[in-house]
Undergrad: 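Handing you a structure now.
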2 protein chains.
Amino acid sequence: MTTIRTPARDKLLSAASRLFYDHGISATGIDAIIAEAGVAKMSLYNNFSSKDELVSTYIQARHEEWLQLYAIRLERCETPVDRILAVFDAYIDHAEFAYDHGFRGCGLLNAAAELPAGAPGRATMARHKAQVEGILRDELVQLTSPDCADVTAEHLSFLLEGAMSRAGLEGQPDRLHHARSLAESLVKTL
Amino acid sequence: MTTIRTPARDKLLSAASRLFYDHGISATGIDAIIAEAGVAKMSLYNNFSSKDELVSTYIQARHEEWLQLYAIRLERCETPVDRILAVFDAYIDHAEFAYDHGFRGCGLLNAAAELPAGAPGRATMARHKAQVEGILRDELVQLTSPDCADVTAEHLSFLLEGAMSRAGLEGQPDRLHHARSLAESLVKTL
DNA sequence: CACTATGTAGACCGATCTGTCTATCTCGGG
DNA sequence: CCCGAGATAGACAGATCGGTCTACATAGTG
């Protein structure tokens, strides 16, 4: 089976990713997506049942995209401190990747901002951020007590998300580098 | 001149504030705003030239709203440490005020998430966050060296914004209280 | 070759969007 | 008392939205 599979779905998802990130979700219409993807409208509805499903897929893809970015950084790590700072590096990678065509901060957080209070999508984002905090805590317990690891993991998460927000507003990743050095000195005193 | 002024504008602005915060900006239509305000459509266009101008006014109002919240907290402060923690308290006040009808994090950040990369509105938000950081720095210089004040003000800003993001995703203000205690122990070691 | 998967172009639908306009009403001040 | 400012309800316009449908093209597999 040498099937090349369907490229239309991939073209749609990557086009939607660009547009959703750059302009926001509800500001991005179906017609803009299929034009960017260079694909017929029916190809969208053959691969996704609705725009909502495309949005959900986009959110899921962004989540896995970050995990991938982190996995790459992880390969070159040896110590727990390395692996903690690799989380910050992965955020920086994401920022610098988006920098050319308009850095706007965390795509997941921006997407969440367009969802009403009870929406299931918001819980997905909360879980993603909790997972990042969990990664930090898992490394920190190798360096200190469980209680201190909990507190410090949350502290580092605040540094990450806070710096990402500020960096997104300013359109440049400097703040994330500052957060990384704050994290470094914070972790090295444990 | 005992003119009561125009109440329609105020009704519109407060209705728009609620809806913009709860459901997002582009998800909130003109018709929903005038229905919530209990006002005719022409009253909107007599007071605002377009939805965009209403949005700008909303953003400006949210900014001043926070300054007001902070000013109230400030009255009961005596030391620089008090005034630093009052910033966190003002954030908590905002969170708990919104908690009943669906807390969704910082209204300004959520609004920024719907604006494209170069939009002037995003610069307004960046300035607001820089102003908060400036308030923190102005208090910190009374406690430590200017260089250390710079670094610590940024650190505290990250704690604020990071905790606000996490709290917004989770729909409850716990994270902000955690950020406040982190800030407290951070500042007390200066 | 013929079959089937998938993709294409574009007309089309009903709903909703922002914004305009008109005609009427209400009410405080001179 | 009367006038004018501001508010009202609602029809209306033009654009855009998400989504459906049809008819046709293409390409890999038996």
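Any value given below was found using the heavy atoms of this structure, including those in side chains, with hydrogens, waters and symmetry copies removed. To find a chain, count down the sequence lines: A is the first, B the second, and so on, and within it residues start at 1.
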Undergrad: Salt-bridge test for B/Arg175 and A/Glu133: reply yes if a basic N is under 4.0 Å from a carboxylate O, no otherwise.
TA: yes
Undergrad: Roughly how many Å is it from CD1 in A/Ile33 to P in D/dC17, rounded to a whole number?
TA: 10 Å
Undergrad: Heavy-atom nearest nucleotide on DNA chain D for A/Ala27 versus A/Met42: which residue maps closer to 5'?
TA: A/Ala27
Undergrad: Enter syn or anti for the glycosidic conformation of C/dA5, syn applying to angles within 90° of 0.
TA: syn
Undergrad: Taking atom types as modelled, is there a side-chain donor on A/Glu64 or A/Gln60 under 3.5 Å from an acceptor on the other?
TA: yes
Undergrad: Could you identify the nucleotide paired to C/dG14, looking across every strand shown and requiring Watson-Crick or G-U wobble geometry with both distances under 3.5 Å?
TA: D/dC17
Undergrad: So, does B/Asn46 get its side chain near the phosphate of D/dA5, meaning an N or O under 4.0 Å from OP1 or OP2?
TA: no
Undergrad: Would you kindly check whether a donor in the side chain of B/Lys41 faces an acceptor in the base of D/dG10, or vice versa, at under 3.5 angstrom?
TA: no
Undergrad: Taking atom C1' of C/dA5 as reference, at what distance in whole Å does atom CZ of A/Arg9 sit?
TA: 16 Å
Undergrad: Given that both distances must come in under 3.5 Å, which nucleotide forms a Watson-Crick or G-U wobble pair with C/dC27?
TA: D/dG4
Undergrad: Quick one: B/Leu44 CG to C/dC21 P, roughly how many Å, whole number?
TA: 16 Å
Undergrad: Can you measure B/Phe48 atom CZ to C/dT20 atom C1' for me and round it to whole angstrom units?
TA: 18 Å
Undergrad: Does the side chain of B/Asp93 reach to within under 4.5 Å of the side chain of B/Ile72, using non-hydrogen atoms?
TA: no
Undergrad: Rounded to the Å, how far apart are B/Ile34 CD1 and D/dA7 P?
TA: 14 Å
Undergrad: Using a cut-off of 4.0 Å on non-hydrogen atoms, how would the nucleic acid contact of B/Ser49 be classed: base, sugar-phosphate, or nothing?
TA: nothing
Undergrad: Heavy atoms only, 4.0 Å cut-off, all strands: where does B/Asp31 land among base, sugar-phosphate and nothing?
TA: base
Undergrad: The side chain of B/Tyr45 is closest to which nucleotide in this list: D/dC21, D/dA9, C/dT18?
TA: C/dT18
Undergrad: Nearest-nucleotide wise, let me know which of B/Ser43 and A/Thr28 is further upstream toward the 5' end of DNA chain D.
TA: B/Ser43
Undergrad: Where the side chain of B/Lys51 is concerned, which of C/dG19, D/dG18, C/dG7 is the nearest nucleotide?
TA: C/dG19
Undergrad: Calculate the interatomic distance between A/Leu19 atom CG and D/dG18 atom C1'; express it in whole Å.
TA: 16 Å
Undergrad: Take the protein atom CD1 of A/Ile30 and the nucleotide atom P of C/dT16, then report the distance between them rounded to whole Å.
TA: 17 Å
Undergrad: What is the separation between atom NE2 on A/His23 and atom P on D/dC17, rounded to the nearest whole Å?
TA: 12 Å
Undergrad: With the threshold set at 4.0 Å, does a side-chain nitrogen-carboxylate oxygen contact exist between A/Arg18 and A/Glu36?
TA: yes
Undergrad: Is B/Leu85 close to B/Val81 at the side-chain level, that is, under 4.5 Å between some pair of heavy atoms?
TA: yes
